[in-house]
Trainee: 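Please see the structure below; I have some questions.
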Amino acid sequence: MARSFANQVAVITGASSGIGWELARLLAAEGCKVGLIARRREPLEALVQQVGQAGGMAALATADVGDRDQTLAAVREISARLGPVDLLIANAGFGITTQVDPLNSLDIAAMMRVNFLGVVYAIEAVLPEMLRRGRGHLAAVSSLAAYKGMPGKMGYCASKAAVNAFLEGLRIQLHSRGIAVTTICPGFVRTPLTADNPYPMPWLLEADDAARRILRALRSRRKVYNFPWQMTLVTRVARWLPDWLVARGVRRLSAEPPAS
């Protein structure tokens with residue numbers, strides 16, 4: 001029997017656009033009460049209105065997930081309005097090209113703060129109540145980029161690899177506590193964050209398609225969900241290729257105009 005999200009409370013970070021927006025919309029359509037967190041209030045208000053017009057229930061709170069105090073306060077605000085959190089989807093994240101001459105370490109630190117620590121802070125906000133109740137589901141949107149350090153993207157790759165390692169250990173530790181942990185690793189998804197990518201994005205998915213796939217994985221409480229399968233296969237092969245071949249491939253892709 002497919003697991004239902006009806007009458008549950010889900011909190012989604014990075015809900016103002018892209019995958020987060022679509023996840024919130026789909027969950028609300030199933031009767032799930034959705035808590036929306038992002039930095040920008042205006043798009044969250046538009047999503048709350050859209051959910052309400054469709055007969056659903058949503059609440060919002062603004063926060064920079066890279067700020068621990070803001071994240072904890074946002075989750076408390078939503079829980080006070082909707083109830084204890086059954087499902088957390090830590091989705092907020094961003095990417096900046098990593099340069100080496102000079103090394104843009106501040107950009108790398110910002111990615112680690114949002115992409116990795118933002119996940120940790122969101123989990124910290126909901127985990128005590130889940131442990132008390134003996135049930136819950138923690139999920140984070142990582143990336144297939146977590147599996148391979150790529151030139152020009154190593155800061156982003158590192159931030160997502162940290163997410164994968166943290167969730168893996170957390171899943172094992174919470175195994176007997178009634179709390180599921182799911183690591184979600186998509187390939188390329190069309191969102192505002194990828195709109196300006198200057199390179200080809202093979203097997204590009206629309207955000208609503210990605211969200212539907214993610215919800216299927218969450219229903220079955222998958223430990224790790226890598227998708228689409230084509231990009232997953234390419235990533236696995238790339239992990240074993242010699243460095244010179246990867247570097248040549250990246251140079252070639254960087255020189256090609258993006259597919260229209």
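Residues take their numbers from the sequence shown, with the count starting at 1.
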Trainee: Decide yes or no for Arg135 and Met130: does some side-chain heavy atom of the first lie under 4.5 Å from some side-chain heavy atom of the second?
Mentor: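 They are not in contact (no side-chain heavy atoms under 4.5 Å apart), so the answer is no.
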Trainee: Mind listing the closest non-hydrogen atom pair of Ser142 and Pro186 along with its distance?
Mentor: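 Heavy atoms of Ser142 and Pro186 come nearest at O-CD, 3.4 Å.
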Trainee: Given side chains that start at C-beta, do those of Arg25 and Asp208 come closer than 4.5 Å, heavy atoms only?
Mentor: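 Counting from C-beta outward, Arg25 and Asp208 do come under 4.5 Å.
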Trainee: Between Asn91 (side chain) and Gly14 (backbone), is there a donor-acceptor pair under 3.5 Å?
Mentor: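 Confirmed, Asn91 side chain pairs with Gly14 backbone.
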Trainee: With hydrophobic residues grouped by side-chain heavy-atom distances under 4.5 Å, do Val119 and Ile179 end up in a single group?
Mentor: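 Cluster IDs for Val119 and Ile179 match.
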Trainee: At what distance, to the nearest 0.5 angstrom, does CG of Asp107 lie from CZ of Phe94?
Mentor: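 With rounding to 0.5 Å, CG (Asp107) is 7.0 Å from CZ (Phe94).
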Trainee: What's the verdict on side-chain contact (heavy atoms from CB on, under 4.5 Å) for His137 and Leu88, showing C-alpha distance, side-chain angles and the deciding distance?
Mentor: CA-CA 6 Å; His137 194 164; Leu88 168 72; over 6 Å; no
Trainee: Under a 4.5 Å cut-off applied to non-hydrogen side-chain atoms, are Ile214 and Phe227 in contact?
Mentor: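 Yes, side chains in contact.
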Trainee: Please check if atom CE in Met150 has more than 12 non-hydrogen atoms from other residues, nucleotides or ligands closer than 6.0 Å.
Mentor: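 Above 12, so yes.
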Trainee: More than 12 foreign heavy atoms under 6.0 Å from CZ of Arg81: is that the case here?
Mentor: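 For Arg81, atom CZ is not crowded (no more than 12 foreign heavy atoms under 6.0 Å).
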Trainee: Testing Val224, Val141, Val163, Leu167 one by one against Ile184 for a side-chain contact (heavy atoms from CB on, under 4.5 Å), which residue passes?
Mentor: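 Going through the options one by one, the only one that passes is Val141.
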Trainee: Rounded to the nearest 0.5 Å, what separates atom CG in Leu47 from atom CG in Leu36?
Mentor: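 It is 5.0 Å, given to the nearest 0.5 Å.
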Trainee: Do Leu87 and Phe5 make a side-chain contact, defined as non-hydrogen atoms from C-beta onward lying under 4.5 Å apart?
Mentor: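 Side chain of Leu87 against side chain of Phe5, heavy atoms only: contact under 4.5 Å found.
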Trainee: More than 12 heavy atoms of other residues, nucleotides or ligands under 6.0 Å from CZ of Arg171: yes or no?
Mentor: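 Correct, the count exceeds 12.
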Trainee: For the residue pair Ser159 / Asn115, report whether a side-chain donor-acceptor contact shorter than 3.5 Å exists.
Mentor: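 Short answer, yes.
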Trainee: So, Arg219 and Glu30, do they make that salt bridge, N to O below 4.0 Å?
Mentor: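 Looking at Glu30 together with Arg219, the answer is yes, because their closest N to O distance falls below 4.0 Å.
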Trainee: Less than 3.5 Å apart, any donor N or O on the side chain of Tyr147 or Asn226 sitting next to an acceptor on the other?
Mentor: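 Indeed, the side chains of Tyr147 and Asn226 share at least one donor-acceptor pair under 3.5 Å.
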Trainee: Taking all non-hydrogen atoms of both residues, which atom of Ser79 and which atom of Val85 are closest, and how far apart?
Mentor: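 Closest pair (atom of Ser79, atom of Val85, distance): OG-CG2, 3.6 Å.
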Trainee: To the nearest 0.5 angstrom, please state how far the CG atom of Leu204 sits from the CZ atom of Phe188.
Mentor: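 With rounding to 0.5 Å, CG (Leu204) is 8.5 Å from CZ (Phe188).
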Trainee: Does Asp86 use its side chain to pair, donor to acceptor, with the backbone of Gly136 at less than 3.5 Å?
Mentor: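 Not a single qualifying donor-acceptor pair exists.
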Trainee: Mind listing the closest non-hydrogen atom pair of Pro228 and Leu205 along with its distance?
Mentor: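 In this case the closest contact between Pro228 and Leu205 is CD-CD1, 4.1 Å.
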Trainee: Do Glu45 and Gln49 touch side chain to side chain, with heavy atoms closer than 4.5 Å?
Mentor: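 Side-chain contact under 4.5 Å: no.
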Trainee: Any side-chain heavy-atom pair from Arg39 and Ser16 closer than 4.5 angstrom?
Mentor: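 Side chain of Arg39 against side chain of Ser16, heavy atoms only: no contact under 4.5 Å found.
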Trainee: Taking atom CG as the centre, does Leu245 end up with more than 12 heavy-atom neighbours from other residues, nucleotides or ligands that are less than 6.0 angstrom away?
Mentor: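 For Leu245, atom CG is crowded (more than 12 foreign heavy atoms under 6.0 Å).
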Trainee: Are Leu117 and Ile123 co-members of a hydrophobic cluster defined by side-chain heavy atoms under 4.5 Å apart?
Mentor: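 Both belong to a single hydrophobic cluster.
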Trainee: Please name the pair of heavy atoms, one in Thr98 and one in Gly155, separated by the smallest distance, quoted to 0.1 Å.
Mentor: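 Looking at all heavy atoms of both residues, the shortest contact is OG1-N, 3.0 Å.
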Trainee: Distance check, rounded to the nearest 0.5 Å: Ile37 atom CD1 versus Ile12 atom CD1?
Mentor: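 With rounding to 0.5 Å, CD1 (Ile37) is 9.5 Å from CD1 (Ile12).
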Trainee: Do Asn164 and Thr183 get their side chains close enough for a donor-acceptor pair, meaning under 3.5 Å?
Mentor: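 Side chains of Asn164 and Thr183: no pair found under 3.5 Å.
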Trainee: Give the C-alpha distance, both sets of side-chain angles, the deciding distance and a yes or no for side-chain contact (heavy atoms from CB on, under 4.5 Å) between Trp203 and Val234.
Mentor: CA-CA 11 Å; Trp203 301 291; Val234 168; 3.7 Å; yes
Trainee: Using modelled atom types and a 3.5 Å cut-off, is there a donor and acceptor pairing between side-chain atoms of Thr13 and backbone atoms of Ala92?
Mentor: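 Between the backbone of Ala92 and the side chain of Thr13 there is a qualifying donor-acceptor contact (under 3.5 Å).
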Trainee: Ignoring hydrogens, what is the shortest heavy-atom contact between Val51 and Ala58? Give both atom names and the distance.
Mentor: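 For Val51 versus Ala58, the nearest heavy atoms are CG1-CB, 3.9 Å.
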Trainee: State the CZ-CE distance between Arg113 and Met111, to the nearest 0.5 angstrom.
Mentor: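 Answer rounded to 0.5 Å: 11.0 Å.
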Trainee: Answer yes or no: are there more than 12 heavy-atom neighbours, outside Gln173 itself, under 6.0 Å from its atom CD?
Mentor: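 Counting other residues, nucleotides and ligands, CD of Gln173 stays at 12 neighbours or fewer.
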Trainee: Is it the case that over 12 heavy atoms from other parts of the model lie below 6.0 angstrom from the CZ atom of Arg133?
Mentor: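 Yes, because the 6.0 Å sphere around CZ of Arg133 holds more than 12 heavy atoms from other groups.
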Trainee: Do Thr182 and Arg222 pair up side chain to side chain, a donor and an acceptor below 3.5 Å, judged on atom types alone?
Mentor: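 The answer is no; no qualifying pair exists.
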Trainee: Is Thr62 reaching over with its side chain to a backbone N or O of Arg40, donor-acceptor style, under 3.5 angstrom?
Mentor: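 No, the answer is negative, given that no donor and acceptor are paired below the 3.5 Å cut-off.
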Trainee: Considering all heavy atoms of both residues, which atom of Lys148 and which atom of Cys157 are nearest to each other, and what is their separation?
Mentor: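 Result for this residue pair: O-SG, 3.2 Å.
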Trainee: Can you establish whether the number of heavy atoms outside Arg221 located under 6.0 Å from its atom CZ is more than 12?
Mentor: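 Atom CZ in Arg221 is crowded, with more than 12 foreign heavy atoms closer than 6.0 Å.
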Trainee: Spell out, yes or no, whether Leu44 and Ile89 are grouped together once hydrophobic residues are joined by side-chain heavy atoms under 4.5 Å, including indirect joins.
Mentor: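 Same cluster: Leu44 reaches Ile89 through Ile, Leu, Val, Met, Phe, Trp or Tyr contacts under 4.5 Å.
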Trainee: Is there a donor-acceptor pair under 3.5 Å between the side chain of Lys33 and the backbone N or O of Leu82?
Mentor: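 Confirmed, Lys33 side chain pairs with Leu82 backbone.
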Trainee: Measuring from Met112:CE to Tyr156:OH, what's the distance to the nearest 0.5 Å?
Mentor: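 That separation rounds to 12.5 Å.
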Trainee: Before accepting this row, confirm whether a basic side-chain N of the pair Glu22/Arg212 lies closer than 4.0 Å to the acidic partner's carboxylate O.
Mentor: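 No, this pair does not count.
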Trainee: Can you get from Leu60 to Val75 by hopping between Ile, Leu, Val, Met, Phe, Trp and Tyr side chains that sit under 4.5 Å apart?
Mentor: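 No, Leu60 and Val75 fall in different hydrophobic clusters.
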Trainee: Indicate, with yes or no, if Val120 and Leu174 share a hydrophobic cluster defined by side-chain heavy-atom contacts under 4.5 Å among Ile, Leu, Val, Met, Phe, Trp and Tyr.
Mentor: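 Result: yes, single cluster for both.
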Trainee: Given side-chain contact (heavy atoms from CB on, under 4.5 Å), test Val114 with Asp64 step by step and report yes or no.
Mentor: CA-CA 8 Å; Val114 172; Asp64 176 352; 4.2 Å; yes
